[in-house]
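Residue numbering restarts at 1 for every chain, and letters A, B, ... go by the order of the sequence lines.
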Amino acid sequence: MTDTAVTEAGRDFIRDIVDADRVAGRVSTIVTRFPPEPNGYLHIGHAKSICLNFGIAQEYGGRCALRFDDTNPAKEEQEYIDAIMRDVRWLGYDWGPYLHFASDYFEQLYAWAEHLIRAGHAYVDDQSAEQIRVTRGTLTEPGRNSPFRNRTVDENLDLFRRMRAGEFPNGARTLRARIDMASGNINLRDPVLYRILHAEHPRTGATWHIYPTYDFAHGQSDAIEGVTHSICTLEFEDHRPLYDWLIAHLPVPSHPHQYEFARLNIGYTVLSKRVLTTLVRDGRVSGWDDPRMPTIAGLRRRGVPPEAIRAFVQRVGVARANSVVDIAMFEFAVREHLNKVAPRRMAVLRSLKVVIENYDGPGEELDAANHPDPSQGTRKIPFGRELYIERDDFMENPPKKFFRLSPGTEVRLRYAYFITCRDVVKDAAGNVVELRCSYDPATRGGNAPDGRKVKATIHWVSAAKSFPAEIRLYNPLFTRPDPGAGGDVFADINPNSLEILNEARIEPALAQSNSDRAVQFERQGYFCRDDASTPGRPVFNRTVGLRDSYAKA
RNA sequence: UGGGGCGUAGCCAAGAGGUAAGGCAGUGGAUUUUGAUUCCACCAUUCGGAGGUUCGAAUCCUCCCGCCCCAGCCA
């Protein structure tokens with residue numbers, strides 16, 4: 001873990017609670033945990049939780065465990081376990097020896113379930129799922145006691161052991177806590193603690209025929225691990241009384257406390273595992289790591305650095321109010337980091353040929369800075385009679401505020417010469433296909449000895465000595481800031497979320513090296529090489545564009 | 001209609017009886033061989049609303065309004 005990860009911390013109500021607990025002597029070593037269920041890939045919402053849990057542990061010299069809440073074998077897979085570990089590490093966090101699985105505690109949890117039965121706090125219910133649902137009552141009406149609620153301890157123990165032994169089919173019985181069927185909090189209306197599930201578990205195989213529910217596993221796992229601050233999202237608020245009830249009624253080794261914060265929401269983005277899983281399953285995206293996905297794997301492939309994710313999450317803060325963060329805040333964090341680290345290169349996305357009519361020589365090499373920070377050095381770029389510039393940098397009939405090239409105007413080719421557009425060549429259909437220009441030899445390098453100014457500097461590549469590339473541009477995956485608010489999230493999918501440019505041209509430095517993780521294509525944005533690149537055909541993903549005050553005007 | 005939460009600027013978010021931090025976005029301006037970066041300035045007479053307490057209220061009290069979560073043998 002880096003020092004920056006530590007200093008990135010902000011202040012929030014949870015850290016205030018931790019402070020207060022330390023000052024009051026209620027805790028000494030701070031212990032947290034990040035507890036994903038391995039039923040999908042991590043997304044940026046999880047990053048908020050990861051940064052919070054690992055961040056707090058770092059700041060207070062405590063520890064943070066990675067614990068898989070693998071209590072539902074019907075949905076979990078080893079692939080997800082592997083992906084989650086990879087993503088947490090990539091984000092910059094290390095759980096050290098504290099890698100846990102709720103399934104490691106199945107035997108202990110089972111023993112505690114029997115403890116509850118012996119104390120008269122749990123019973124085996126023979127009702128069907130449907131019957132339980134009906135007798136649970138509604139939000140406004142109390143539930144009704146199960147006819148099996150008053151079984152003897154011996155009968156409960158016998159039945160529960162036979163459940164474990166696999167004697168009964170799925171759903172035939174459950175173990176329920178005996179609390180209060182009339183509670184206003186529905187989680188306290190005799191919640192199910194164990195269900196019969198004849199399923200292969202990724203880690204325990206066919207050992208078990210019963211599995212604990214989240215409520216029975218989570219708090220007790222926290223207690224086993226000595227977690228002091230069990231941090232989760234707001235929707236578990238109503239579970240806290242049950243969490244506390246179980247801790248209070250079981251001989252657990254420690255007494256953790258649960259605190260809830262608002263989950264992250266971002267405009268034009270969906271952070272729902274259900275929806276993301278569907279997008280992948282239905283092929284609406286190329287996979288969990290599709291660069292349009294808000295998954296950690298997708299952001300990584302998109303070129304978003306972990307530092308930017310941490311900085312973003314830190315800027316958003318941690319509170320209890322539901323909110324939707326502007327995607328611009330995320331993009332800012334990405335640009336902020338990339339601006340500092342990304343080498344500058346030139347690439348033309350949509351090319352327009354330029355012929356310098358008064359340029360004759362065989363060509364030459366010019367020096368170009370690798371970064372605004374001069375310490376990062378320079379590189380050579382080839383110049384010649386035929387070049388490509390960006391189509392958007394030329395307009396035959398420019399509006400008032402257009403500073404770039406148009407008939408008769410002079411602009412600077414970055415690091416090269418001033419050129420003036422003399423003639424426009426069109427095809428039969430009237431499309432501009434080529435520009436005939438002249439250059440001023442005295443402006444080599446980009447400065448005019450006579451001190452004359454140009455209104456724009458544009459990027460370019462040599463026609464002969466540039467290389468072809470594929471460039472992929474990404475737009476939000478959804479067309480509205482609140483996907484799904486209209487009733488169907490999938491109806492809000494943006495059909496134009498991916499734009500592939502097949503005829504981009506890149507300068508030699510980009511074609512020759514593949515070591516640059518992130519680069520800035522000058523005046524275009526930040527890009528990164530995609531793994532789909534082949535030796536003759538590099539593929540670049542646009543991570544994020546540059547700010548563009550012209551486009552906005 | 002039961003229970004649990006939450007409302008501070010366009011978007012996040014501090015603040016906890018002493019007179020509205022910060023960031024993003026936006027708007028002006030300076031610098032600039034990226035319409036980028038950087039820099040400087042501006043951007044809530046008011047904190048969901050109405051009353052009340054107080055010398056003083058975003059902070060305390062009362063009522064009201066709005067939004068979110070909960071009726072899986074998911075997590």
Side-chain angles (χ1 to χ4, degrees), chain A residues 10-12 35-37 39 69 71-72 74-75 125 127-129 132-134 136-143 170-176 182-189 191-197 210-211 213-215 217-218 232-241 260 262 264 267 273-274 312 314-333 335-336 339-340 344 346 368-369 372-373 401-404 412-416 418 443 445-447 453-459 481 520-525 545-553:
Chain A
R11 290 305 313 177
D12 53 69
E37 184 191 12
N39 65 345
D69 261 0
T71 55
N72 184 2
K75 294 185 172 179
D125 195 343
Q127 294 184 108
S128 66
I132 288 181
R133 186 178 65 74
V134 169
R136 186 157 26 228
T138 68
L139 294 180
T140 54
E141 303 156 32
N170 286 353
R173 287 180 228 263
T174 57
L175 180 73
R176 291 229 259 168
S183 173
N185 181 343
I186 290 172
N187 292 296
L188 261 23
R189 318 242 265 228
V192 169
L193 267 22
Y194 269 91
R195 71 277 210 182
I196 295 171
L197 218 53
I210 56 174
Y211 290 92
T213 55
Y214 163 84
D215 285 306
H218 201 92
C232 62
T233 44
L234 246 28
E235 66 268 28
F236 291 101
E237 221 173 341
D238 293 341
H239 292 242
R240 183 164 13 105
E260 312 88 16
L264 177 67
K273 250 188 214 174
R274 189 198 112 243
F312 166 68
Q314 203 260 105
R315 265 198 173 75
V316 167
V318 179
R320 287 176 63 86
N322 288 314
S323 60
V324 181
V325 175
D326 192 334
I327 189 79
M329 213 186 289
F330 176 71
E331 294 182 345
F332 173 83
R335 291 191 192 106
E336 183 187 40
N339 176 49
K340 285 183 278 191
R344 271 53 171 176
M346 291 206 283
D373 168 12
K401 288 291 208 171
F402 187 80
F403 299 156
R404 287 108 93 157
R412 171 167 41 232
L413 292 180
R414 187 141 161 96
Y415 300 122
F418 285 13
T443 57
N447 286 305
K453 304 289 184 198
V454 289
K455 282 162 86 178
T457 299
I458 64 173
H459 59 95
Q520 182 194 97
F521 289 175
E522 297 219 32
R523 306 208 304 132
Q524 302 284 235
L546 254 30
R547 266 188 80 218
D548 187 351
S549 53
Y550 173 71
K552 279 171 187 157

Exercise. Counting side-chain heavy atoms from C-beta on, which of U34(B), G35(B), A71(B) comes nearest to I186(A)?
Worked result: A71(B)
Problem set entry | Ion pair R414(A)/E522(A), N-O distance below 4.0 Å | yes
For this session: Whole angstrom is fine here: how far is it from CD1 in I327(A) over to P in C11(B)?
Result: 16 Å
For this session: May I ask you to say what R315(A) touches in the nucleic acid, namely base, sugar-phosphate or nothing, with a heavy-atom cut-off under 4.0 Å?
Result: sugar-phosphate
Exercise. OP1 or OP2 of G3(B) less than 4.0 angstrom from a side-chain nitrogen or oxygen of T140(A), does that happen here?
Worked result: no
Problem set entry | Rounded P spacing from A71(B) to G52(B) in Å | 42 Å
For this session: Tell me whether the OP1 or OP2 atom of A13(B) has a side-chain N or O from S323(A) closer than 4.0 Å.
Result: yes
For this session: Counting heavy atoms from C-beta on, name the nucleotide in C69(B), G35(B), C12(B) closest to the side chain of D238(A).
Result: C69(B)
For this session: Using whole Å, report how far CE of M329(A) lies from C1' of A9(B).
Result: 13 Å
For this session: Classify the nucleic acid contact of K401(A) as base, sugar-phosphate or nothing, counting any heavy atom under 4.0 Å across all strands shown.
Result: base
Exercise. Base, sugar-phosphate, or nothing for V134(A), non-hydrogen atoms under 4.0 angstrom?
Worked result: nothing
For this session: Decide yes or no for V192(A) and D125(A): does some side-chain heavy atom of the first lie under 4.5 Å from some side-chain heavy atom of the second?
Result: no
Problem set entry | Inter-nucleotide C1' distance (C43(B), G49(B)), Å rounded | 25 Å
For this session: Take D69(A) and Y214(A) through the side chain to side chain contact (heavy atoms under 4.5 Å, CB included) test and state the conclusion after the steps.
Result: CA-CA 8 Å; D69(A) 261 0; Y214(A) 163 84; 4.0 Å; yes
Exercise. Rounded to the nearest Å, what distance is computed from the CZ atom of residue F521(A) to the C1' atom of nucleotide U34(B)?
Worked result: 14 Å
Exercise. Is there a donor and acceptor pair closer than 3.5 Å between the side chain of Q524(A) and the base of U34(B)?
Worked result: no
For this session: Heavy atoms only: give me the nearest L197(A)-Y211(A) pair and the separation to one decimal.
Result: O-CE1, 3.3 Å
Problem set entry | Whole-angstrom distance between C55(B) and U19(B), as gauged at atom C1' | 12 Å
Problem set entry | Atom pair distance, as rounded to whole Å: NZ in K340(A) and C1' in A36(B) | 16 Å
Problem set entry | Selection from C24(B), A71(B), A36(B) that lies nearest to any side-chain heavy atom of R547(A) | A36(B)
Seminar exercise, completed: Using Watson-Crick geometry (N1-N3 plus N6-O4 or O6-N4) or G-U wobble (N1-O2, O6-N3), each under 3.5 Å, U38(B) is paired with A30(B)
Problem set entry | Note, N72(A) side chain near N39(A) side chain (heavy atom, < 4.5 Å) | no
Seminar exercise, completed: With the side chain defined as heavy atoms from C-beta on, R523(A) is closest, among C24(B), G35(B), G5(B), to G35(B)
Exercise. Which nucleotide in the set G35(B), G3(B), G7(B) lies at the smallest distance from any side-chain heavy atom of A321(A)?
Worked result: G7(B)
Exercise. Base, sugar-phosphate, or nothing: which does R335(A) touch, judged by heavy atoms less than 4.0 Å apart?
Worked result: nothing
For this session: Could you give me the CA-CA distance, side-chain angles and deciding distance for R315(A) and F332(A), then say whether side chain to side chain contact (heavy atoms under 4.5 Å, CB included) is met?
Result: CA-CA 11 Å; R315(A) 265 198 173 75; F332(A) 173 83; 3.4 Å; yes
Exercise. According to the Watson-Crick and G-U wobble definitions, with both distances under 3.5 Å, which nucleotide is paired to A75(B)?
Worked result: none
Problem set entry | Rounded distance in Å between the C1' positions of C63(B) and U53(B) | 15 Å
Exercise. Taking all non-hydrogen atoms of both residues, which atom of A368(A) and which atom of Y415(A) are closest, and how far apart?
Worked result: CB-CD1, 3.4 Å
Exercise. Counting any heavy atom closer than 4.0 Å, what does V324(A) reach on the DNA or RNA strands: base, sugar-phosphate only, or nothing?
Worked result: sugar-phosphate
Exercise. Paired with C63(B): which nucleotide, if any, by Watson-Crick or G-U wobble criteria at under 3.5 Å for both distances?
Worked result: G49(B)
Problem set entry | Pairwise C1' distance for C67(B) and G48(B), with rounding to whole Å | 10 Å
Exercise. Hey, is the main chain of G171(A) close enough, under 3.5 Å, to the side chain of R195(A) for a donor-acceptor pair?
Worked result: no
For this session: On RNA chain B, check which nucleotide each of E141(A) and R344(A) is closest to and give me the residue with the more 5' one.
Result: E141(A)
Taking only N/O atoms, report every protein-nucleotides 72-75 of chain B pair under 3.5 Å with atom names and distance.
residue: G72(B); atom: OP2; partner: R136(A); partner atom: NH2; Å: 3.0
residue: C73(B); atom: OP1; partner: R136(A); partner atom: NH2; Å: 3.1
residue: C73(B); atom: OP2; partner: R136(A); partner atom: NH1; Å: 3.1
residue: C73(B); atom: N3; partner: G171(A); partner atom: O; Å: 3.4
residue: C73(B); atom: N4; partner: Q127(A); partner atom: O; Å: 3.0
residue: C73(B); atom: N4; partner: A129(A); partner atom: N; Å: 3.0
residue: C73(B); atom: N4; partner: G171(A); partner atom: O; Å: 3.0
residue: C74(B); atom: OP2; partner: R195(A); partner atom: NE; Å: 2.9
residue: C74(B); atom: OP2; partner: R195(A); partner atom: NH2; Å: 2.8
residue: C74(B); atom: O3'; partner: R195(A); partner atom: NH2; Å: 3.2
residue: C74(B); atom: O2'; partner: N72(A); partner atom: ND2; Å: 3.0
residue: A75(B); atom: OP1; partner: T71(A); partner atom: OG1; Å: 2.6
residue: A75(B); atom: OP1; partner: R195(A); partner atom: NH1; Å: 3.2
residue: A75(B); atom: OP1; partner: R195(A); partner atom: NH2; Å: 2.9
residue: A75(B); atom: OP2; partner: Y214(A); partner atom: N; Å: 2.9
residue: A75(B); atom: N6; partner: H239(A); partner atom: NE2; Å: 3.2

Exercise. Considering all heavy atoms of both residues, which atom of A333(A) and which atom of F312(A) are nearest to each other, and what is their separation?
Worked result: CB-CB, 3.8 Å
Exercise. When you compare C61(B) with A44(B), how far apart are their P atoms, in angstrom units rounded to a whole number?
Worked result: 30 Å
Exercise. Can you tell which of C12(B), G35(B), A36(B) lies closest to the side chain of V316(A)?
Worked result: C12(B)
For this session: Could you work out the separation of C39(B) and C47(B) based on their P atoms and round it to a whole Å?
Result: 33 Å
Exercise. If you find the nucleotide of RNA chain B closest to F332(A) and the one closest to G446(A), which residue's nucleotide is nearer the 5' end?
Worked result: F332(A)
Exercise. On a whole-Å scale, what distance lies between the C1' atoms belonging to C60(B) and U54(B)?
Worked result: 10 Å
Problem set entry | Expected output: side-chain S183(A) to main-chain N185(A) donor-acceptor under 3.5 Å | yes
Seminar exercise, completed: The nucleotide from U34(B), A14(B), C6(B) with an atom nearest the side chain of R414(A) is U34(B)
Problem set entry | Atom-to-atom span, CG of L139(A) to P of U1(B) - whole angstrom | 11 Å
Problem set entry | G72(B), syn or anti by chi within 90 degrees of zero | syn
Exercise. With both distances under 3.5 Å as the test, what is the Watson-Crick or G-U wobble partner of A20(B)?
Worked result: none
